[in-house]
Amino acid sequence: VRSYKTKSYNLPNGVERSYTLRALILQGRNLPAADESGLSDPRVVVSMGNHSVPGKVYCKQTVSPQWQEMIEVRDIIIREGECKPNVNVIIYDYDDDETPMKYLGRAIIPSSELDIADPTLEFSKWYPCFSVNPGIMVGEILADFQLVPTEYARSRPMPMLAPPVRTESALRVALVG
């Protein structure tokens, strides 16, 4: 009978670093309806790890909201060598502060898509939203994300988002025949 000695190895824990997530949430399209009118009042909550920040903007009576909002999630602790957590953008139907928000769906942004460039309209992209099954899309959001060390974020304040330029336009359709 042969006996083996088992050895256990403890890997040194990596250094914990604090990060800041900057999320530029521009708009949504084809989101689910939550109200009897066939529309909803969408509002987002951005989360990473165990930190969440609700957006301040909610759009009334639409399934294609224009949030145009920059949201900053601070003090996300990530240990060196660990995988960074994904970002969740959760969309709720918001009626007022007294009524609980109704869940409409979520978009999951893989951490591999996070970079250190300032979030901009130019580099934003459409992310699919789902309610329960990630294979069944219930809308999309247009967004861009930045993940930077907290000390960098403190030295470079979040860029101000210029309000969108809105113009009135009309479409005239004539059917002949």
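- For the pair Arg79 (side chain) and Val15 (backbone), a donor-acceptor distance under 3.5 Å is absent.
- Note on residues 132-142: pairs passing salt bridge (charged side-chain N to carboxylate O under 4.0 Å, His left out), not counting sequence neighbours, are Arg29-Glu140.
- Ile90 and Ile109 are assigned to two separate hydrophobic clusters, defined by single-linkage of ILVMFWY side chains at heavy-atom distances under 4.5 Å.
- Linking Ile, Leu, Val, Met, Phe, Trp and Tyr residues whenever their side-chain heavy atoms come within less than 4.5 Å places Val87 and Leu147 in a single cluster.
- Applying the side-chain hydrogen bond (donor to acceptor under 3.5 Å, both in side chains) criterion to Arg17, with sequence neighbours excluded, gives Glu80.
- Atoms OH and CD1, on Tyr103 and Ile91 in that order, are 8.5 Å from each other to the nearest 0.5 Å.
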Check the pair Val73 / Arg22 against side-chain contact (heavy atoms from CB on, under 4.5 Å), numbers first and verdict last.
CA-CA 6 Å; Val73 183; Arg22 291 176 173 166; over 6 Å; no
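- Taken from OG in Ser40 to CE in Met101, the straight-line distance is 13.0 Å, to the nearest 0.5 Å.
- Side-chain contact check for Pro119 versus Met70: some heavy-atom pair is nearer than 4.5 Å.
- A side-chain donor-acceptor contact under 3.5 Å links Asp96 to the backbone of Glu98.
- Asn88 places a side-chain heavy atom less than 4.5 Å from the side chain of Ile108.
- Listed by chain and number, the residues in a ring pair (Phe, Tyr, Trp, His ring centres under 6.0 Å) with Tyr58 are Tyr94 (sequence neighbours excluded).
- Under the side-chain contact (heavy atoms from CB on, under 4.5 Å) test applied with Leu142, the options Leu26, Ile25, Leu24 reduce to a single match, Leu26.
- Closest heavy-atom contact between Gln61 and Asp41: N-OD1, 2.8 Å.
- More than 12 heavy-atom neighbours from other residues, nucleotides or ligands sit within 6.0 angstrom of NZ on Lys102.
- Checked by atom type and distance alone, the side chain of Thr150 pairs as donor or acceptor with a backbone atom of Tyr19 at under 3.5 Å.
- By the 4.5 Å heavy-atom criterion applied to side chains, Ile141 and Trp67 are counted as neighbours.
- Separating the CD atom in Glu82 from the OG atom in Ser111 is a distance of 12.0 Å, to the nearest 0.5 Å.
- Rounding to the nearest 0.5 Å places CG of Asp144 at 6.5 Å from CG of Asp115.
- When side chains are defined from C-beta on, Ser18 does not count as touching Ile76, because their heavy atoms never get closer than 4.5 Å.
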Check residues 42-56 and write down every donor-acceptor pair under 3.5 Å in which the side-chain atom is one partner and the other belongs to a residue at least two apart or another chain.
from	atom 1	to	atom 2	distance (Å)
Arg43	NE	Gly55	O	2.8
Arg43	NH2	Gly55	O	3.0
His51	NE2	Asp75	O	2.8

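- Between Arg74 and Glu72, at least one side-chain N (NZ, or NE/NH1/NH2) sits under 4.0 Å from a carboxylate O, which counts as a salt bridge.
- At a threshold of 4.5 Å between non-hydrogen side-chain atoms, the residues Ile78 and Pro85 count as touching.
- Applying the ring pair (Phe, Tyr, Trp, His ring centres under 6.0 Å) definition to pairs two or more places apart or across chains, those involving residues 133-157 are Tyr127-Phe145.
- Not counting sequence neighbours, the partners of Pro110 by the side-chain contact (heavy atoms from CB on, under 4.5 Å) test are Asn86, Ser112, Glu113.
- Note: the hydrophobic cluster containing Val57 also contains Ile71 (ILVMFWY, side chain heavy atoms under 4.5 Å, direct or indirect links).
- The closest side-chain heavy-atom distance from Pro65 to Leu31 is below 4.5 Å.
- Interatomic distance, Ser64 OG to Gln27 CD, rounded to the nearest 0.5 Å: 8.0 Å.
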Take Asp35 and Asp93, measure what side-chain contact (heavy atoms from CB on, under 4.5 Å) needs, and give me the verdict at the end.
CA-CA 8 Å; Asp35 299 336; Asp93 177 61; 3.2 Å; yes
